[in-house]
Amino acid sequence: MYIFKKISLEPFALNDFKLKKNSLLGEAKVPGDKSMSQRAVIIGLASIGQTVIKGILDSEDVYYTLKAAEALGAKVDINKNKKTLTIKGVGLGNFKSPKKPIYMGNSGTGTRLLIGLVAGSNATVTFYGDESLSNRPMDRIINPLKKMGANFVFSEEKKLPITVIGARKKGITMPIKYKSPVASAQIKSAIIFAGLTARGATEIQEPNKSRNYTEVMLKKCGVEINSKISKKYINTVTVNGTSYLKNCSFNIPSDPSSALFIVVACLITKGSKVKVKNILYDNMRLKVFKILTKMGGMIKINKTSIDTCEITARYSVLKNINLHKNETTALIDEFPALSIAAACGKGKMIMRGLGELRYKESDRFKSISEGLRDAGVQVNTFNDDMEIIGTRKVLGGNTIFAQNDHRIAMSFNLLSLFSEKPIRVIGNESIMTSFPDFFSTLKLLKKWIR
Ligand code: S3P
């Protein structure tokens with residue numbers, strides 16, 4: 001049971017193959033943006049008064065973040081008919097210290113952002129997660145948050161379970177200047193959330209601009225937060241501490257990263273034409289569609305409002321290209337689906353600087369390269385770079401273990417639409433974290449042709 005409805009997943013991967021010869025036609029509904037949904041809940045918890053959220057992603061990751069917000073003191077009211085959530089927050093820095101550890105499932109964003117928020121509070125909270133989340137690095141946030149005065153209890157590996165003892169338990173939150181070695185919205189956001197209770201300005205520098213929803217959404221709540229990008233692409237964000245967040249409401253458009261799976265399915269399946277509506281209009285997140293267009297993908301993006309667009313795609317024979325390592329940050333979640341498109345394209349796809357992929361829900365560098373090789377696609381790897389040699393004849397017939405990684409599961413299910421033999425995906429349940437209706441959405445598009 002998630003936020004609005006009970007979600008169950010069909011045992012699918014092999015069944016899907018039977019629909020292979022049908023084109024995908026029609027309009028697909030894509031769920032709410034995951035990054036914004038998680039932030040809306042966390043900001044709701046940290047505000048005083050009521051935050052109304054429309055268009056929230058109804059999935060496992062958001063569900064666990066919402067449960068965590070309740071455990072920390074937020075009151076949540078769910079209107080199933082209107083599909084809105086109302087969160088009554090507790091304000092900054094005064095969370096409940098729950099007696100029991102908080103389970104975060106698979107959600108890296110929910111966990112890292114909440115650890116940041118709790119780090120600037122007077123609460124003591126223990127977080128734990130599933131096998132995948134328990135293997136993801138947390139030192140990247142622990143190190144700066146310690147400098148801000150928070151304390152932590154963790155294993156030698158600095159991974160979950162982690163107990164956070166907020167900086168205001170015994171002292172104050174210190175504003176810091178921090179240079180992050182990686183461009184990461186999660187690191188940046190954890191520091192920003194902690195910095196909200198600091199007296200003075202906290203500054204975070206990242207080597208490339210990562211997604212900026214924390215900045216944009218907090219600004220809407222009255223926080224003084226600014227960013228600037230240098231000629232060398234270094235992004236510097238400055239946030240001033242504040243005593244409260246002005247409560248505001250959020251209307252969340254559909255997730256471009258989830259839309260990508262529908263678009264790639266369409267691009268690789270003969271005779272397909274698909275439209276996705278109400279997609280978040282954000283240059284960074286739409287970059288992948290521009291890359292696919294450069295590869296010869298017939299894709300149109302129509303802006304429909306200040307922050308939404310609709311995307312139409314048609315079946316296309318893709319020609320692979322070279323990607324520069326500076327493009328990695330904007331494509332960070334898109335490499336699994338993009339790699340499937342490249343495998344079905346013509347020529348060599350070169351993708352550079354993919355080191356961060358090793359720290360996602362699974363080691364995606366490994367899952368992508370090994371999964372494609374097992375399906376009969378030539379993949380060459382050199383340190384953090386990968387070359388995929390596109391083939392118009394993907395053999396398939398292999399088994400993929402999704403390893404709790406929704407994007408790996410969805411991507412290799414897509415490859416079955418193109419491969420000669422179906423690919424068996426073990427671990428489709430992971431898709432519940434971001435796109436619970438993934439299979440039924442594809443199935444519905446198949447039915448349109450009959
Ligand atoms: C996210 C940030 C990204 C991305 C994740 C969502 C966010 O991680 O991979 O799926 O909402 O902040 P990093 O920016 O840490 O690489």
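In listed order, ligands and their atoms are each counted from 1. Just so it is clear, the values below take in all heavy atoms, side chains as well, and ignore hydrogens, waters and symmetry mates. One-based numbering along the sequence shown.
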**Student:** Is there a donor-acceptor pair under 3.5 Å between the side chain of Lys147 and the backbone N or O of Ile176?
**Tutor:** no
**Student:** Would you say Ser210 has any N or O atom under 3.5 Å from an N or O of ligand 1, going by distance alone?
**Tutor:**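 Min N/O separation from ligand 1 is not below 3.5 Å for Ser210.
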**Student:** What part of Arg211, side chain from CB on, backbone N/CA/C/O, both or neither, has a heavy atom under 4.0 Å from ligand 1?
**Tutor:**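 Side chain only.
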**Student:** As a check for students: among Glu361, Arg39, Gln38, identify the option with a heavy atom nearest to atom 12 (O) of ligand 1.
**Tutor:** Arg39
**Student:** With no hydrogens and no angle check, is any side-chain donor or acceptor of Thr328 less than 3.5 Å from a backbone partner on Arg352?
**Tutor:**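 Yes, the answer is positive, given that a donor and an acceptor are paired below the 3.5 Å cut-off.
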**Student:** Between Ser134 (side chain) and Gly129 (backbone), is there a donor-acceptor pair under 3.5 Å?
**Tutor:**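 The answer is yes, because a donor-acceptor pair under 3.5 Å joins these two groups.
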**Student:** Starting from atom 6 (C) of ligand 1, what is the nearest protein heavy atom, named by residue and atom, and what distance separates them?
**Tutor:**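 Here the closest protein heavy atom is Thr109 OG1, 3.4 Å.
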**Student:** Going by the order shown, which atoms of ligand 1 are within less than 4.0 Å of some heavy atom of Ala185?
**Tutor:**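 Here the atoms of ligand 1 in question are 2 (C), 12 (O), 13 (P), 14 (O), 15 (O).
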**Student:** Nearest to atom 10 (O) of ligand 1, what protein heavy atom do you find, and at what distance?
**Tutor:**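 Protein heavy atom with the smallest distance to atom 10 (O) of ligand 1: Asp333 OD2, 2.7 Å.
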**Student:** Salt bridge or not between Lys67 and Glu70? Use side-chain N to carboxylate O under 4.0 Å.
**Tutor:** yes
**Student:** For Lys360, is the nearest heavy atom under 4.0 Å from an atom of ligand 1?
**Tutor:**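 A heavy atom of Lys360 does come that close to ligand 1.
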**Student:** For Arg112, is the nearest heavy atom under 4.0 Å from an atom of ligand 1?
**Tutor:**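 Judged by the 4.0 Å heavy-atom criterion, Arg112 does not count as contacting ligand 1.
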**Student:** In the protein, what heavy atom is nearest to atom 15 (O) of ligand 1, and what distance, to one decimal place, separates them?
**Tutor:** Ser184 OG, 2.6 Å
**Student:** Quick one: look at Ser35 and ligand 1, take heavy-atom pairs under 4.0 Å, and tell me if it's side chain, backbone, both or neither.
**Tutor:** both
**Student:** Once the angle between the rings of Phe154 and Phe152 is folded into 0 to 90°, is it parallel (under 30°), tilted (30 to 60°) or perpendicular (over 60°)?
**Tutor:**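 Ring orientation, 0 to 90° scale: tilted.
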**Student:** With under 30° as parallel and over 60° as perpendicular, where do the rings of Tyr128 and Tyr103 fit, or are they tilted in between?
**Tutor:**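 Rings of Tyr128 and Tyr103: tilted, as their planes differ by 30° to 60°.
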**Student:** Treating Thr433 as the side-chain partner and Glu60 as the backbone partner, does any N or O pair qualify as donor plus acceptor under 3.5 Å?
**Tutor:** no
